[in-house]
Amino acid sequence: MLGVKTLVIILFLQAMLVSMVTEAASASKVKRVKPPKPVKPVQELLTCKSRKSRCFMKRIKCPVECPKVKPKNPKDKACFLDCYSPKCEAVCKSRKPNCNGPGAACYDPRFIGGDGIVFYFHGKSNEHFSLISDSDLQINARFIGLRPEGRTRDYTWIQALGFKFGHHNFTLEATRTQKWDDDVDHLKLSYDGKELFIPEGHSSEWNSTEGDIQVERTATTNSITVNILDLAEISVNVIPVSEEDSKIHNYQIPANDSFAHLEVQFRFFGLSSKVEGILGRTYRPDFENPAKQGVAMPVVGGDDKYKTSSLLAADCALCVFSPNETKDEHGSPMMDFGMLDCTGGGNGITCKK
């Protein structure tokens with residue numbers, strides 16, 4: 001009996017040993033896990049709803065490279081449907097102003113016209129000038145600046161913009177601040193004379209009850225895009241004059257003012273062939289830009305022709321704003337410059353499609 005029990009125990013232990021070896025061998029094997037299939041981003045479909053567009057009611061898909069109109073990351077490029085392009089296509093672009101693109105107004109102020117030519121317009125500190133004056137759109141700028149001892153003109157920057165369209169008006173301005181802080185919002189807005197508050201935060205937006213104007217934040221603070229239906233899109237940043245720029249250009253910015261100002265890029269839809277303004281005239285098909293090419297700072301005058309009495313006045317010598325007038329529908333062919341890419345700086349800038 002003892003021998004049988006011993007044999008049974010030995011067989012049992014042997015079976016357990018085999019089982020343990022088998023499990024160990026199985027555990028030592030590397031399991032091959034198939035990698036997950038890449039998730040293709042959902043490309044938004046956009047529609048041109050403007051009856052003035054040749055792309056009216058066409059459904060167009062955003063590119064894979066920028067599938068969203070409002071990306072979660074404000075630094076990512078967004079999908080933009082160019083309803084006024086002959087191609088009727090969606091393209092990728094930054095939601096911030098491009099100071100090297102057509103319609104730009106940046107720095108001390110340097111403009112890039114609808115004709116792709118760079119020019120400077122200095123104006124005067126604490127005065128207002130018409131940038132655009134068309135029968136249904138007036139855009140004025142208020143300049144701020146200073147004149148260090150020994151200089152014959154003011155250093156100037158655009159501090160505020162005033163818009164008149166139809167029988168409405170809208171203003172945006174950079175508020176004065178002693179010390180610049182990126183995390184503090186320095187934008188002040190108004191619509192039809194009433195101050196407008198838009199909660200801070202990327203993609204926070206406001207729309208008028210009539211749907212003719214939309215204002216959207218493109219960063220948590222200090223950056224917005226303004227869309228005026230069928231007339232214009234305006235990208236805006238508020239920035240200070242940096243200590244570095246002050247030293248390079250000898251601005252002599254005082255310690256008690258950061259000279260907060262605007263970087264702006266305009267995009268226009270269907271300006272008339274009679275459009276006026278410091279920037280507007282460069283979109284006319286018959287305009288010959290007087291800016292001297294090949295010089296470091298090609299300055300263009302016009303203080304006397306485009307000066308207005310206030311931010312929302314349309315009383316400059318050449319202003320043509322008249323909301324009750326039937327607009328000249330012969331839009332300027334310069335509209336094609338809206339999607340030009342301009343690179344470089346100063347007199348070395350070039351524009352190409």
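Model, not experiment: these values are computed from the prediction.
- Within the structure, salt bridge (Lys or Arg N to Asp or Glu O under 4.0 Å) contacts touching residues 94-104 (residues at least two apart or in different chains) are R95-E216.
- Annotation: cation-pi pair K307/F129 absent, no NZ/CZ under 6.0 Å from the ring centroid and within 45° of its normal.
- Residues satisfying the side-chain hydrogen bond (donor to acceptor under 3.5 Å, both in side chains) test with S190, not counting sequence neighbours, are T171.
- Looking at residues two or more places apart in sequence or on another chain, you find a side-chain contact (heavy atoms from CB on, under 4.5 Å) between K61 and Q43, L45.
- Applying the salt bridge (Lys or Arg N to Asp or Glu O under 4.0 Å) test to residues at least two apart or on different chains, none of the pairs has a partner in residues 156-170.
- Hydrophobic cluster of I60: the remaining members, joined at side-chain heavy-atom separations below 4.5 Å, are L46, V69, L81, listed by chain and number.
- Sorted by first and then second residue, the disulfide bond (SG atoms under 2.5 Å apart) pairs with a member in residues 196-282 form an empty list; sequence neighbours excluded.
- Under the salt bridge (Lys or Arg N to Asp or Glu O under 4.0 Å) criterion, no residue pair touches residues 239-249, with sequence neighbours excluded.
- Residues satisfying the side-chain hydrogen bond (donor to acceptor under 3.5 Å, both in side chains) test with R217, not counting sequence neighbours, are D185.
- Take P290 and apply the side-chain contact (heavy atoms from CB on, under 4.5 Å) test, not counting sequence neighbours, and it matches F287, V300.
- N126 is linked by a side-chain hydrogen bond (donor to acceptor under 3.5 Å, both in side chains) to nothing, counting only residues two or more places apart in sequence or in another chain.
- Applying the salt bridge (Lys or Arg N to Asp or Glu O under 4.0 Å) test to every pair with at least one member in residues 287-304, sequence neighbours left out, gives no pairs at all.
- Shown here are the side-chain hydrogen bond (donor to acceptor under 3.5 Å, both in side chains) partners of S133, two or more places apart in sequence or in another chain: Q138.
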